[in-house]
Amino acid sequence: MRFPLLALLLLWYNNTAMTDTTVRVRIAPSPTGDPHVGTAYIGLFNYAFAHHHGGAFLLRLEDTDRERYKESSAHAILEALTWLGINPDEGPEIGGPVGPYIQSERLAIYREFAEQLVQAGHAYHCFCSRERLAEMREAQEAAKEAVKYDRFCLCTMHEEERRQRVRDGEPYVIRMKMPDAGATSWTDLVRDAVSFENALIDDQVLLKADGYPTYHLANVVDDHLMGITQVIRAEEWISSTPKHLVLYQMFGWEPPQFAHLPLLRNPDRSKISKRHSHTSLHWYRDEGILPQALLNFLALLGWSHPEEKEVFTLEELVERFTFERFNQSGPVFDLEKLRWLNGVYIRALAPDELYAAVEPFLQRAGLVQAHPEPEERAFAKQCVVLEQEKVRTLAEFADLVAFMFNPNFTYEDEAVKKWLRPAPEHVRPAFYQMIEHIEPLPEEALTAEKYEEITRTIAEALGVGAGKVIHPTRVAMSGRTKGPSLFHMMEVLGKQEVLYRFNRTIDVTRGGEE
RNA sequence: GGGGCGUUGGUCUAUCGGUUAGGACGUCGGCCUUUCAAGCCGAAGAUGACGGGUUCGAUUCCCGUACGCCCUACCA
């Protein structure tokens, strides 16, 4: 009697654990350029964690740096996330209960909270010029001291004097007053205990002279106001975390949990950058990497599937996600493995899905029109399917199938030398016989099997191996020595096209064409 | 200079004290085949950065060293 009750209780517990609606996480990209692969990486795991717990995944734009701000960037980031399929539940353009989700629209909030800190004696106005700060740093460096603000404005004048200078309209920043003693520590979700001595930490600027907040202030204020429960971000933020924790303390707010994920690396192991790696998501999209392959690949960096699987879906990542599966060292982004994985995904695509993904690439190459007729599209689809097995990126298709669209393709030198000029004795007769066999047959009869049958019959009649006919025929059809399965290729080309290509190639063997 | 984080084959990783250190990409070889791929099979490649501990036993735990990375901005 007691057992079923226990089971029921367990079930209830599991259910509530799976739909912990209090979980709220976020990514906070800065719109300063192309959508970054690091944003996708961090976004992926935020998304996975949120969905694993049935919580919310938000997007907040941290556009507080007017110097680096780029107009087009914000929309591009949103668009890239949509392309990847890791859509936020709340954010700019879709809104949500705790907006606005763009920091430049929240300036009054930051100013108010910064002021509150000054009021409480946790922060102070600073009037030091950039020149003075630069000199100070130089001196500290020369003296091999820690580089840190010397609290000139805090020590040389009283609160009232600083107030007066502000009233006089002097430009100022607001700095937080870090405690001089003690340590700040936290239990990181992927790194366990981390601790910093407060005395070593700088009096960070919270509010800049232009009235914009720095990351540190905006980040803490917004995470609190937006109800963020876990901050899942890159490793590069570890050393700023104590500042953030101290800010939570000063405000009297409960801090979120922190998870610092490994940082993606260039091949030389430095932090990933566009100088050494492809960081723009647009590059991957334009190269013909499938979004699901990119996500799968990113999920393999720093994180591992509990069953050591390499190929798995986003849904499966969501299902199996735990912080324990993280490795702490920064992985090098290995393009070769991504390309392999992408090939795996391409091969798994149904013809319609494949074609839908490839069409833009064919259009860009001028092989398919902007708005193709159904027959054109059907033909193009068959061409693409012909090469599906061997390709690693969608962008490779255009070059591989271009000859299918162009009856007057250029013959490769190597192919010409081997089979056409000079042509082995049997080649021209073989071509003539092929034409003779094909001509009387109706289009419907000319299947790949039929082409194969004809080819082998002719080879036998000429007393040569099948390859001796197959290879020159491939050259006649495509101008190349490599390519898709020959007979399928011929079936797709269709009778008239096949006949044309034989005739044209016969001319070539006679020196007619180049 | 200071602080923090890290360190398993070229690369991504498994191992939660006892394994011939496993898998994947890549490389090389073979098979298949009308070519190129794909697929299948196989091989090479790790003294688990180094040195100390703890332990009957360390890749796994602790300390130190080296090396790498990140931060050290009125950038995020």
Side-chain angles (χ1 to χ4, degrees), chain A residues 28-32 62-68 126 128-130 133-134 137 140-148 171-175 188 191 194-197 200-202 204-216 218-219 233-242 260 262-263 265 267-271 297 300-311 324-325 327-341 343-344 347 387-392 400 415 452 455-456 459 465-471 473-475 478 480-487:
Chain A
S30 189
T32 53
E62 308 227 326
D63 59 343
T64 55
D65 183 347
R66 319 156 335 203
E67 315 249 312
R68 293 196 304 153
C126 168
C128 292
S129 66
R130 295 189 188 248
L133 292 173
R137 276 188 207 110
Q140 287 169 338
E141 253 167 68
K144 299 216 181 278
E145 286 169 20
V147 175
K148 205 178 145 204
Y172 67 90
V173 301
I174 292 181
R175 287 182 183 273
D188 197 277
R191 286 153 212 275
V194 184
S195 182
F196 287 77
E197 291 295 324
L200 269 14
I201 301 167
D202 206 355
Q204 187 59 238
V205 170
L206 298 178
L207 201 72
K208 307 184 235 180
D210 63 5
Y212 279 69
T214 58
Y215 172 86
H216 308 283
N219 168 262
R233 76 217 314 188
E235 186 186 1
E236 54 187 332
W237 294 108
I238 291 178
S239 25
S240 309
T241 304
H260 289 98
L263 199 58
R265 310 284 188 96
D268 69 358
R269 297 209 169 270
S270 54
K271 166 171 150 181
F297 176 68
L300 257 24
L301 299 180
W303 192 83
S304 62
H305 186 106
E307 287 157 30
E308 276 198 77
K309 284 172 75 173
E310 303 261 348
V311 182
E324 287 146 47
R325 299 304 303 176
N327 167 333
Q328 285 123 302
S329 55
V332 171
F333 192 99
D334 180 10
L335 255 185
E336 273 311 300
K337 187 162 182 177
L338 203 212
R339 287 164 53 78
W340 161 76
L341 231 201
V344 170
R347 272 170 253 131
E387 294 286 44
Q388 178 171 17
E389 294 254 296
K390 83 177 49 155
V391 137
R392 289 152 81 94
L400 289 174
E452 176 155 20
T455 306
R456 291 192 188 277
K468 293 270 196 270
V469 178
I470 287 169
H471 294 299
T473 299
R474 172 181 301 287
V475 177
S478 68
R480 308 185 321 184
T481 55
K482 357 175 139 160
S485 157
L486 175 65
F487 306 118

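The chains referred to below are lettered A, B, ... by the order of the sequence lines, with proteins before strands, and numbering in each begins at 1. What you see is a predicted model; the values in this text were computed from it and never measured.
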Item to check | For B/G1, the Watson-Crick or wobble partner whose two distances fall under 3.5 Å | outcome: B/U72
Checklist entry - Reckon A/T64 has a side-chain N or O less than 4.0 Å from the OP1 or OP2 of B/A76? => result yes
Checklist entry - Does a nitrogen or oxygen in the side chain of A/R191 sit under 4.0 Å from OP1 or OP2 of B/G4? => result no
Checklist entry - Is A/D188 close to A/Q328 at the side-chain level, that is, under 4.5 Å between some pair of heavy atoms? => result no
Checklist outcome for this item: Closest to the side chain of A/S239, out of B/G39, B/C70, B/U35, is B/C70
Next on the checklist: Counting C-beta onward and ignoring hydrogens, is there a side-chain heavy-atom pair between A/T241 and A/V194 closer than 4.5 Å?
Outcome noted: no
Checklist entry - Looking at B/A38, does its base get a donor-acceptor pair with the side chain of A/K390 below 3.5 Å? => result no
Item to check | Base-pairing assignment for B/C67 (Watson-Crick or G-U wobble, both under 3.5 Å) | outcome: B/G6
Checklist entry - Between B/U27 atom C1' and A/K337 atom NZ, what is the distance in whole Å? => result 15 Å
Checklist entry - What is the pairing partner of B/C36, taking Watson-Crick or G-U wobble pairs with both distances under 3.5 Å in any strand? => result none
Next on the checklist: Counting only side-chain heavy atoms from C-beta out, which of B/C70, B/G2, B/C25 sits nearest to A/S270?
Outcome noted: B/C70
Checklist outcome for this item: Per atom distances to the A/T214 side chain, the nearest of B/A73, B/A76, B/C25 is B/A76
Checklist entry - Quick one: which of B/C74, B/A76, B/G4 gets closest to the side chain of A/A209? => result B/C74
Next on the checklist: Between A/I238 and A/R191, is there a side-chain heavy-atom distance shorter than 4.5 Å?
Outcome noted: yes
Checklist outcome for this item: Checking N1-N3 plus N6-O4 or O6-N4 for Watson-Crick, or N1-O2 and O6-N3 for wobble, each under 3.5 Å, the partner of B/C61 is B/G53
Next on the checklist: Check this one for me: any side-chain N or O of A/S304 less than 4.0 Å away from OP1 or OP2 of B/A14?
Outcome noted: yes
Next on the checklist: Please determine whether any donor N or O and acceptor N or O are separated by less than 3.5 Å between the side chain of A/E389 and the base of B/G39.
Outcome noted: no
Checklist entry - With distance as the sole criterion, do the side chain of A/E197 and the base of B/G3 form a donor-acceptor contact below 3.5 Å? => result no
Checklist entry - Does the base of B/U34 carry an N or O that pairs as donor and acceptor with the side chain of A/S485 under 3.5 Å? => result yes
Checklist entry - Would you say the side chain of A/H471 lies within less than 4.5 Å of the side chain of A/T481, judging by non-hydrogen atoms? => result no
Checklist entry - OP1 or OP2 of B/A37 less than 4.0 angstrom from a side-chain nitrogen or oxygen of A/R392, does that happen here? => result no
Checklist entry - Does A/R175 place a side-chain N or O at less than 4.0 Å from the phosphate oxygens OP1/OP2 of B/A73? => result no
Checklist entry - Does A/K148 NZ have over 12 foreign heavy atoms under 6.0 Å away? => result yes
Checklist outcome for this item: Among B/U11, B/A76, B/U35, the one nearest any side-chain atom of A/S240 is B/A76
Next on the checklist: With a cut-off of less than 4.0 Å, is there a side-chain N or O of A/N327 near OP1 or OP2 of B/A14?
Outcome noted: yes
Next on the checklist: Taking only the P atom of each, what is the distance from B/G10 to B/A44 in whole angstrom?
Outcome noted: 16 Å
Item to check | Partner nucleotide, any strand, of B/U27 [Watson-Crick/G-U, under 3.5 Å] | outcome: B/A43
Checklist entry - Aromatic rings A/H216 and A/W237: how do their planes relate, parallel, tilted or perpendicular, breaks at 30° and 60°? => result perpendicular
Checklist entry - Looking at the side chain of A/S329, which of B/U34, B/G6, B/C36 is the nearest nucleotide? => result B/G6
